[in-house]
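Heads up: numbering here begins at 1 and tracks the sequence.
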Amino acid sequence: MTVLKTSMRNFFAHKGRMALSAVAVLLSVAFVCGTLVFTDTMNTTFDKLFAATSADVTVSPKNAKPDDRPQTGRPETLPASALEQARGAAGVKSAEGGVSSSSVTVVNRENENMGSSNGGPTIAANWTSNDLKAMEITSGHAPRGPTEMMVDADTADKHHLKIGDELRTIAVTGDFTAKITGITSFKVTNPGAAIVYFDTATAQRELLGRTGLFTNVSLTAADGVSDEQLKQNVAAKLGAGTYKLETAAEAKDSGRDSVGSFLDVMKYAMLGFAGVAFLVGIFLIVNTFSMLVAQRTREIGLMRAIGSSRKQVNRSVLVEALLLGFFGSVLGVGAGVGLAVGLMKIMGSMGLELSTDDLTVKWTTPVVGMLLGIVVTVLAAYLPARRAGKISPMAALRDAGTPADGKAGLIRAIIGLVLTGAGAASLYAAAHADKASSGAGVLALGVVLTLIGFVIVGPLLASGVVRVISVLVLRMFGPVGRLAERNALRNPRRTGATGAALMIGLALVACLAVVGSSMVASATDELDKSVGADFIVQAGNGQPIVPQAADALRKTPGIAHVTDYKSVDAKITTPDGRTSSEDLSAASPTYAQDLRRETVSGKLSEAYGKDAMSVGDKFAKDHDVKVGSTLTVAFKGGRTAHLKVAAITSDDTNVDKGAKYTNVTTAERYLPADRVPQNMIMFAKAEDGKAKEAYASLKAALKPYPQYKVQDQTDFKKDLKDQIGQLLNIVYGLLALAIIVAVLGVVNTLALSVVERTREIGLMRAIGLSRRQLRRMIRLESVVIALFGALLGLGLGMSWGTTAQKLLALEGLGVLEIPWPTIITVFVGSAFVGLFAALVPAFRAGRMNVLGAIASE
């Protein structure tokens, strides 16, 4: 009880000094809890959607998948006879055929895409009674003929659509127009899809190519019949294994699985960044308690002198840490819920609608947040608490601070150097690995070892690095600069720990910057070497190019040739008797000009001959395939062909690595017309001297089809750079949390350092140091600590990034590019971070009463 009272008194007596550490705990816990609440809410939203849209039993084609975007542009179908058979099964109350396709684009009169802006699908479907489970018509009426359609309310609001407006739907079967006759609203949250409805006959004809087909059949069970029983009855009627049958619960699980992988990746990525913030927070907490213990040395000595044991002193500090972790975690849990709501609002502005009505806070979320916050805080305070317990009564009464343990410092330096050396050796081994897969594990080990090594050896590095930085930065400020340098060097362990907190975040920033820049440079170099086409045409959302758009491209004036490129599913049996599922790249013969591929043997142009193909050298080596070998190719949905290998291409590339080429006419010969895939991408070559005119003509030709982009090589490179840049910006934004916590660490270190040096500051002011000079001294000290952390972090991060690029070179990304403008900007920015962190401590120091400061203990 005495220990608890003492801890409580000390905690609340120094609550101001604990505040920034509590904020670090709060931010870290908030990020964890916010991530969990946000992803749980998304799961709840999709679960409600899938539950609301699922029939008691759904019959669908055997190969259908929830997230399937078929290469043909047409969804998998089942005949109308399946509907009639299912309707006759025992226990069926009602049966209804559904038509749905996500391979469509809807545009207005100005050819503006009416789809979701967040990458969500545009879905065209027939209006059925099953849709009334999740939707309700809020104005107008359902479509009644080929010229009528209905849109969802979210799409109508976003694009200012109203009843009477005419929209054009672009499908693989052709374009067709219809007027809006109704608007329907979701009864559950719409997660961002744009949905249009037609009557059944129109949907079949325009989306599937003919009537008499459905993409699914929705069955409602009669009273007293369970979904599982109905499924068994229907399976017996249709024939086991003929179609895919799912109960409402199974459909919900299937839908959840289709989005679950994406949500899991997002959740664990965000939790990873929260972990980095926690790691940085550990340094802040260690520093805080180390300085508080040092400042209370005399107090602890008195406690020991009147009978307190080492364990009691140790427990007293740990109880303070427990209180800090508890209060910080409680606030963090609440802030986490607020963060989740904020993320939902941000996603809403991007088109992914998430309702706060679905806000999901599981009981495990606050428990996980509280446990993490408290456990991490107590563990971080363990070493300072142990150090406090070792203070002897006499040493404390003689000295106002804790003397450094020289032996412990030597051991620490040796361990740090050994770990750093082992990490450097691991990075060297990773950089010289033969395979990227084996080198990745060695790289991870090297990253961990060098990071831990730098953290441990930080105090040793601080002594040397701070002096070098001081010569370059501080000496120009005269005596004030020298004082700032000596203050930073006074306690190398403290400076090292404070700099290490900033080092971690900046090391990750530098590593990712190097990898991102190298990826862009490598891809650009590869494009320059291998791509001969002048123009590239593709959809931004991965949709196939509809035939009418492809025809418009072929008719464009000023074009020397247009190349088709399709991806065909097939099973290939090699001469060694092994069969594997592969993607064949079926292209026009001109593709050999549009993409220059190095051949190991044979001639690539001959691979586009009749019943011929090419393979990559890795596939050839693995299956003992040579030029002249015959492969048995079973085209999915078509016939089996025997294709002769006319060329073996080198896999030492990043573009079309491992691709197997054949002529598009070969694929068309062995596939029914409705099973031939549409072009996923197309290439064009301008006539000599007409590149500019051809570019403008292609843009004009595809103006009615806004889902496709026409790019020359400059556009393509810029687009690639922008995509990687956007990804890096998201990562940098998430790493900003760790950097904010590190800045709090600098602020806390300076604030506690000012308190620790109160009497010294008073004496300096008494002998003539002005307030302005005092504030400058503290600001310069902060700058040098920040630059120390930045120098270590950027150096470490560049070494990680360089090693990672060496591994990526094994996968075809062979150009190393150090983004010096980014690195220099971050380094200079760190100086401003140091200035910002010192504002409050410097202000408080300047306001000290000189006589009061001198009189303090």
Side-chain angles (χ1 to χ4, degrees), residues 49 53 55 58-80 82-83 96-107 113-116 119-128 130-131 134-135 142-143 146 148-152 155 167-178 184 190-218 243-244 251 254-255 258 539-550 637 673-680 705-708:
L49 178 65
T53 55
T58 302
V59 183
S60 53
K62 191 174 181 179
N63 298 323
K65 298 177 183 177
D67 58 346
D68 196 19
R69 279 192 175 180
Q71 297 166 334
T72 61
R74 294 182 177 90
E76 297 288 340
T77 60
L78 41 79
L83 170 61
E96 199 168 18
V99 177
S100 177
S101 175
S102 59
S103 298
V104 297
T105 303
V106 179
V107 300
N113 196 333
M114 298 292 100
S116 172
T122 297
I123 301 173
N126 66 325
W127 178 254
T128 67
N130 187 65
D131 292 301
M135 312 287 288
E148 297 182 353
M149 67 187 303
M150 186 162 57
V151 301
D152 71 276
T155 300
L167 299 179
R168 179 166 57 96
T169 302
I170 304 168
V172 70
T173 55
D175 300 359
F176 63 101
T177 59
T184 180
N190 174 12
I195 305 178
V196 295
Y197 292 101
F198 304 94
D199 69 280
T200 299
T202 302
Q204 289 175 321
R205 185 176 57 255
E206 302 294 354
L207 302 179
L208 306 181
R210 64 184 176 89
T211 58
L213 297 175
F214 295 102
T215 56
N216 63 79
V217 171
S218 300
Y243 300 109
K244 179 181 179 180
S254 180
S258 68
N541 58 2
Q543 283 192 5
I545 300 174
V546 295
Q548 55 270 37
D674 62 347
R675 303 296 297 183
V676 175
Q678 303 301 320
N679 288 310
M680 298 307 296
Y705 307 99
Q707 68 269 42
Y708 306 121

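- Checked for salt-bridge contact, Arg74 and Glu206 miss the test: no charged N lies under 4.0 Å from a carboxylate O.
- Side-chain contact check for Ile123 versus Ser100: some heavy-atom pair is nearer than 4.5 Å.
- Distance alone, capped at 3.5 Å, is enough to place a donor-acceptor pair between the Thr53 side chain and the Leu49 backbone.
- Minimum interatomic distance between Met114 and Thr155 (heavy atoms only, all atoms of both residues): O-CG2, 3.5 Å.
- Minimum interatomic distance between Gly115 and Ala194 (heavy atoms only, all atoms of both residues): CA-CB, 4.1 Å.
- Between Phe214 and Thr200 the shortest side-chain heavy-atom distance falls below 4.5 Å.
- A distance-only check finds no donor-acceptor pair linking the side chain of Tyr197 to the backbone of Asp152 [under 3.5 Å].
- Atom CG of Asn113 is separated from atom OG1 of Thr122 by 6.0 Å, given to the nearest 0.5 angstrom.
- With hydrogens and angles disregarded, a donor-acceptor distance shorter than 3.5 Å links the side chain of Asn126 to the backbone of Val99.
- When side chains are defined from C-beta on, Arg205 counts as touching Pro146, because their heavy atoms get closer than 4.5 Å.
- A heavy-atom distance below 4.5 Å is not found between the side chains of Glu76 and Thr215.
- Checking side-chain atoms of Tyr708 against main-chain N and O of Pro544 turns up a donor-acceptor pair under 3.5 Å.
- At a threshold of 4.5 Å between non-hydrogen side-chain atoms, the residues Lys62 and Tyr243 do not count as touching.
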Do Glu148 and Asp199 pass the side chain to side chain contact (heavy atoms under 4.5 Å, CB included) test, and can you show the C-alpha distance, the side-chain angles, and the key distance before you say yes or no?
CA-CA 8 Å; Glu148 297 182 353; Asp199 69 280; over 6 Å; no
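- Using modelled atom types, one side-chain atom of Gln204 and one backbone atom of Leu213 make a donor-acceptor pair closer than 3.5 Å.
- The CG atom of Leu167 sits 12.5 Å away from the OG1 atom of Thr105 when rounded to the nearest 0.5 Å.
- Taking 4.5 Å as the limit, every side-chain heavy atom of Val196 sits out of range of all side-chain heavy atoms of Trp127.
- In this structure, Leu78 and Val217 have side chains that are in contact, with non-hydrogen atoms separated by less than 4.5 Å.
- Between Leu207 and Thr173 there is no side-chain heavy-atom pair separated by less than 4.5 Å.
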Derivation and outcome, side chain to side chain contact (heavy atoms under 4.5 Å, CB included), residues Tyr705 and Ile170:
CA-CA 8 Å; Tyr705 307 99; Ile170 304 168; 3.8 Å; yes
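- The CD atom of Gln543 sits 7.0 Å away from atom OG of Ser102, with the distance rounded to the nearest 0.5 Å.
- Gln548 places a side-chain N or O within 3.5 Å of a backbone atom of Ala171 that can act as its donor or acceptor partner.
- The CG atom of Asn216 lies 8.0 Å from the OG1 atom of Thr128; values are rounded to the nearest 0.5 Å.
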